[in-house]
Amino acid sequence: MPTTNSPSLIEKIAEKLHLIPNLHQDLGKEVPRLTEPGNLTNYPPPEKWDDWVEYEAKSWPRRHTKHYMVVPTTCFNCEAGCGLLSYIDKSTMQVRKFEGNPYHPGSRGRNCAKGPATINQITDTDRILYPQKRTGKRGAGQWERVSWDAVLDDIAGRIRKALQEKRHNEVVYHVGRPGHEGYMDRILQSWGVDGHNSHTNICSAGARFGYAIWQMYDRPSPDHANANFILLISAHLESGHYFNPHAQRIIEGMMNGAKLAVMDPRLSNTASMADYWMPTYPGSEAAVLLAIAKVIIDERLYNRAYLCDWVNWQQYLQHERPNDEVTFDDFILALKAAYKEYTPAFAEKESGVPAKTIVEVARQIGRAGTRFATHNWRSAGSGNLGGWAVARCLHFLNVLTGSVGTVGGTSPSAWSKFKPTVPHKPPAQKFWNELHFPNEYPLAHYEMSFLLPHFLKEGRGKLDTYFTRVFNPVWTYPDGFSWIEALSDESKVGLHAALTPTWNETAYFADYVLPMGHASERHDIISYETHSGLWIAFRQPVLREARRKMGKPVQFTYESNPGEVWEEDEFWIELSWRIDPDGSLGIKKHFISPYRPGEKITIDEYYQYIFERTPGLPEKAAEHKMTPLDYMRKFGAFEVEQTSYNKHLRPIAAADLQGAETDSATGLIKKAGKNLDVLINGVACEGFPTPSRKQEFFSPTMIDWGWSEYKIPTYIKSHIHPDTLDRSKGEFPLVPTFRLPTLIHSRSGNAKWLYEISNRNPIWMHTSDAKKLGIQTGDLLRVTTDIGYFVDRVWVTEGIKPGVVACSHHLGRWRRPQDAVGNRWATSLVEINNAGANGRSPLQNGGHQWQMKTIDTIRPYKSSDPDSARIFWSDGGVHQNITFPVHPDPISGMHCWHQKVRIEKAHAEDRYGDVFVDTQKSFEIYQEWLKMTRPAPGPNGLRRPLWLNRPLRPVEELFYL
Ligand code: SF4
């Protein structure tokens, strides 16, 4: 390709005088291509992956070629698990860049900004390279380097002692970013502990419960690409879970004519792409969805056949009208009666969305019929008291239109998620950890993880050994100062080991900081419901794989990673082996090689075992003359099923029906007292894993557990409903749940490209509100919550609903002067004290008032990365989550993120980034919300319903109190 730019006079002189390199020596000459022209030359062909040649960009204008080995892995920067190709410079054995993996069925060669930014994370000059042990007081910031051997021996000894003394519930693993398909369940159950805690109840548990109460499966898998109408609650196109895989398919659907509607109080990038932006008042979404349902019912736009076959309407009528005949037409009449209040006018009053728009969208949905794709992840489901009802009402629209599991519709998540067969699977544990599943929250969909500091404070238990994995509750969770209080107290948390790729606000309060790898430095398998299909992807340590291919294998991944950065998979195998060296605890047998009797399993053998049992993979690998493990090492992903529609229709084998009885009214097939399948139109089908085997519009479970007012999909008024606000006092609802698409939850701080793009989180305020308050963009505001306040700047915009304010999360990272230097692209230096506000001493306030003040901003610094001297931003945003009290939803257990706040201009003493919190008040608010619960036992003395999922499910007898 000829170069075309002509040099200017100044350039010519500078080149002649050798002040700059001769940039134009090739002018007019043909530069030889290294690849054939064509559509697929963006991706190197796999046959060249072992020796891929590219020009070295940094040598320009000289034409130096570089030889790379291309090794696939999987992104770790959100849950989508997109494919990456790493380019390893064969001369230096350094990873030079990451691009998309075209062989990944979910991401299909594409990534968002965060995928390629993995290179920033692995080359971060501040990263933790060696295991660290604290030497001073916990939280004092004094560390020493220790060996992995010493770490393993110390922690294994503690766990062994706890297990021998039957203190199983004191051993806990708390995960932020998972993505390892059952690996930890296997580890924890081999130890026999009920020790799984997760971040899900501050993330998606609200929405999950709304889906689960319908069909047990707790997430949607929309088939956007084939839809005629797509309805998203919030900014899913740009920043939701699976958002790169979803975004490409939403755009595909729209290019084929699908219409998009978005409910969001913000004019997000997603809303700006939509055909219908429905700026709902936060928490009113369920009212709008039920108004849409009413239009669909009243105008007979529903799918009669689907409702008749797959909804438990007979049960509903039997419950509502026990003496009447049960007919489907009566059910439709009952539906009309049940939802008569939910008129579009009522929904407009609650939400502010014009009734006309609601009716128009409802008719479009009705017309789309079975090709109606929907999604709700966190957003409204995670913001509001009763937020779970949003997902429940959204799914109601899929049920009404018969678009559950169809082409262009919305399938249950599990249909598109692969479950691996693992070696030596341990049995369910015989412990129930009430710090995770307390009796007050019998329907909590996941662990009540964000209440842990309050439970510890109340003396409900303590932790002997507490692992946090890629998890940062001090910063991510509400009420972070209560976490600092709990983690600082060695009588509550005996040992805290933070497994993390990077320093973070929680790791500062650990006893061990154990460096774990980023996406290209670890093993995992991943499978997610990105579309109607089913795939698995392999995350692998790429330098280890490159060395193996070059004939220089290593025993442990830390031998090929930078420093001694390890990975959890191997860490857990080694730890388990040392907890039970003689096998007397029954743990060791789960870590024996399935291929070499009596010997310790290797990580390669673990994945070899799984891949050999992945349907279709051995055959596919054989086509390439490879083993299944080598196929995954080579391509990084495998498509198990191209499509996964209508799995509820799978017929039941006649042999399985022998001895079964069928209920003539409902079609329910029972055998040996258990509900098995369902008879639909004369065919015994698998159905859904609910008690009725159908979609449970009517929920006997809600009645059984004391919530009969929610027996059918219902709108629940949020804790930030306008009725609760006093506008005369400057009160607003704050939406703190949106994220900027280029940031990772708590791991952007070491990714310079991402912070260069996004580094501030101002308060969004509508122009009309700003005018009333006399506020302009850039003004400092004090935002007061129920437990404290934060000080932030304001962005006055038309892009937010009047009367609502919003602030993005993922910004406001900090470190204290005593902390290890880290994440300097993102962290402000802060001073934290709990001497109390207004100069009061800790004695006066009991040490429960905390202040944070910024003492230095982000600034350029010298390091081996020249870019660190070029930092041009000083703003890292403001930490808002730490000023929020806990708001546990009494049903789903979800933390309800939205806040009622008071907005005022900053006080004279306020500075940008100031934070103040009173943890005594946060404890009182926890107790107030606790009073809303309706505790177990439920029917038959149960702690929670048997049919709903429970993470790390214990043996069944423990479900009974
Ligand atoms: S969408 Fe998620 S998994 Fe995919 S590239 Fe972006 S951060 Fe990585």
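Indexing begins at 1, ligand by ligand and atom by atom, following the structure's order. We number each residue from 1, following the sequence as shown. Keep in mind that the numbers below use all heavy atoms, side chains included, and drop hydrogens, waters and symmetry copies.
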(request) Take Y755 and W825 through the ring-ring contact (aromatic ring centres under 6.0 Å, His included) test and state the conclusion after the steps. (result) CA-CA 7 Å; Y755 253 76; W825 312 99; 9.3 Å; no
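Residues passing the ring pair (Phe, Tyr, Trp, His ring centres under 6.0 Å) test with W897, sequence neighbours excluded: H895. Judged as a ring pair (Phe, Tyr, Trp, His ring centres under 6.0 Å), and not counting sequence neighbours, the contacts of F538 are H523, Y607, F611. Residues meeting the side-chain contact (heavy atoms from CB on, under 4.5 Å) test with S411, sequence neighbours left out: S221, W415.
Near atom 2 (Fe) of ligand 1, less than 2.8 Å away, sit the protein N, O or S atoms C78 SG.
When only modelled atom types and interatomic distance are considered, N504 and S746 share no side-chain donor-acceptor pair under 3.5 Å.
Of the charged side-chain nitrogens involved, at least one lies within less than 4.0 Å of a carboxylate oxygen, so that D865 and K752 count as a salt-bridged pair.
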